Structures are given as C-alpha cells and as structure tokens.
Amino acid sequence: RPRMKRRGSWAGFWHSCAIFPQGFVTVGSRWLIFVCSTSSRTIKNRGMSEIPVMMTIAGSDCSAGAGLQADLKAAHAMGAFALTAVTCIVSEVPGLVRGIQEVEPELVADQVRINLEHFPVAAVKTGMLYSPSIVRAVYGVVKDADIPLVVDPVMIATAGDRLMREEAVAVYEELLLPRAALLTPNLDEAAVLLRSSSNPERDELPQARRGSPRPDGRLSAARGTRTV
C-alpha cells in the first residue's frame, strides 16, 4: 500500500494536471487512483477498470449502522464509488435517537449540485430528508436530472422516533415520490404512504397500493428495516 506521504503527493500531482474530478478508492488493501469524465456514467481507476458512480443524499448516523455511512459500505461492497450529500447529523445508536441537527437546505442543495456537475453520477438515492425545506431543496436540483432516483422515504426509526417532520410528508409526496424510479419504504413508512393505521402485512400491499401517492399506484419495494 502506498505510504500516506506518497498518497498525498499523488493527489497533488493529479490536481496540478487539472484532471478533475479525481480521488482514491480502496479495493481490498490497495489504493487506486481514478479519473472520470461526465461523458460516461463510470469512472476508471489506474487499472482502467470501470467503476459506477452513485450519490446518496442522507443523514449521518454516528453509529454507522444506517444513513450515509451504511450507504457507503453497501456501495463499496457492490463495487460502486459513492458520493454523499449530508442532510442531517443524527446522534443515535440502534434503538435510540437522541438528537437531530439539520444542515442548511442551501448547503444540502449545493452538495448535490456540485457532485452532479463534476462526477458522472449514474444513480441517486435519497434517505433522511427531514424537513420541508430540505425536500424542496433536493427536488429543485434533481428534478431535471436524467438519472434514476431511488427514494428511501425515511420517516420513522425502528425505535419509533420520527425522522421526518410531519409537515414535510405532504411536500415529500407531492414533489419527490412521483420522481422516484424505485421506492423502498419500511413497513412503518409504507403504512404512512398507504394511509394505513397499522403496518401492512406483505400480502396486504397489493390491495393497499391504491392509496399510494405514486402516479402508477404502486410501491416498488417494502423493507423490514430502515436507513437514515
């Protein structure tokens, strides 16, 4: 593995050549330098193998069990390079949410925008968006992007804590859900979206789908767990 000093000098070299965007991705114990172009949906590492790029717009979970940390690990395991846009900082551990600090909506939007401008993003996933202003800010950037949008409608934690303000749900349904290529609620969130008073069972989802806010009247997937 290259030493840290050498890794820094390589980064300086690529920056001095004005090759942007660029960086490092780890594969096993190796550091790989990559370069990319917005003309394709992949980046290439030094071995010239292609790596797909995705972006997660989500909250930060300090326990790394959910949120953008979990998305980063999942993307890495699947061989993708993940970009992030942080929406909230959450103080939590499994079963307990103790604090939520939202990021300014303008800064959330700019994180999304700069990633789309400088990386060949092939897909975008949203997680915890929390407030009406953050939902609007994200939608304002992604609405015209010709990129598949995976929407994880993070609303309720496993422990029952709300991870989205109640006033944000209507904005979420109006703006973001119709734009989704794939919708992945957990059962609590499916109940909210389907206007159900209790968690629907798996075999009840087809009968309940008429209550879905999606124009095609369907939920694409339902999970038993949640992310932030």
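All residue numbers refer to positions in the sequence shown, counting from 1. Only a predicted model underlies this, so the values are computations on that prediction, with no experimental measurement involved.
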Minimum heavy-atom distance between Gly127 and Val154, given as atom pair plus value: C-CG2, 3.7 Å
Single-linkage hydrophobic cluster, 4.5 Å side-chain cutoff, Ile89 and Met164 together: no
Considering all heavy atoms, the nearest Phe119-Val53 contact: CB-CG1, 4.5 Å
Spacing of Glu174 atom CD and Tyr139 atom OH [to the nearest 0.5 Å]: 8.5 Å
Any residue meeting side-chain hydrogen bond (donor to acceptor under 3.5 Å, both in side chains) with Ser91, in chain and number order, not counting sequence neighbours: none
Ala66 backbone acceptor or donor facing Asp61 side chain under 3.5 Å: yes
For Arg113, all residues meeting side-chain hydrogen bond (donor to acceptor under 3.5 Å, both in side chains), sequence neighbours excluded: Asp110
When the side chains of residues 93-107 are checked against the rest of the protein, which donor-acceptor pairs come out under 3.5 Å, sequence neighbours left out?
unit_1	atom_1	unit_2	atom_2	d
Glu102	OE1	Ser131	OG	3.1
Glu102	OE2	Arg165	NH1	3.4
Glu102	OE2	Arg165	NH2	2.9

Closest non-hydrogen atom pair, Ile147 against Val124: CG2-N, 3.9 Å
Straight-line distance of Thr56 OG1 to Leu83 CG, nearest 0.5 Å: 10.0 Å
Which residues share a side-chain contact (heavy atoms from CB on, under 4.5 Å) with Ala64, sequence neighbours left out: Gln69, Lys73
Spacing of CD1 belonging to Ile134 relative to SG belonging to Cys88, to within rounding of 0.5 Å: 4.5 Å
By side-chain contact (heavy atoms from CB on, under 4.5 Å) - contacts of Val135 (at least two apart): Leu129, Val171, Tyr172
Heavy-atom closest contact (Pro132 atom, Glu167 atom, distance): CG-CG, 3.6 Å
Contact check, side chains of Thr126 and Val150, non-hydrogen atoms, under 4.5 Å: no
Glu166 atom CD: more than 12 heavy-atom contacts under 6.0 Å: no
Thr87 side-chain N/O to Met128 backbone N/O, donor-acceptor pair under 3.5 Å: yes
Test log, rule side-chain contact (heavy atoms from CB on, under 4.5 Å), inputs Ile57 and Lys125: CA-CA 6 Å; Ile57 307 170; Lys125 174 187 177 291; over 6 Å; no
Side chains of Met55 and Thr84 in contact at under 4.5 Å (non-hydrogen atoms): no
Minimal non-hydrogen separation, Gly79 against Ile51, with atom names: O-CG2, 3.6 Å
Asp71 versus Ala58, closest heavy-atom pair with distance: OD2-CB, 4.2 Å
Approximate separation, where rounding is to 0.5 Å, of Met155 CE and Arg162 CZ: 8.0 Å
Distance in Å, Met54 CE paired with Asn115 CG, rounded so as to fall on 0.5 Å steps: 11.0 Å
Non-hydrogen side-chain atoms of Leu177 and Val151 separated by less than 4.5 Å: yes
Rounded distance (nearest 0.5 Å) linking atom CG of Leu193 with atom CD of Glu173: 6.0 Å
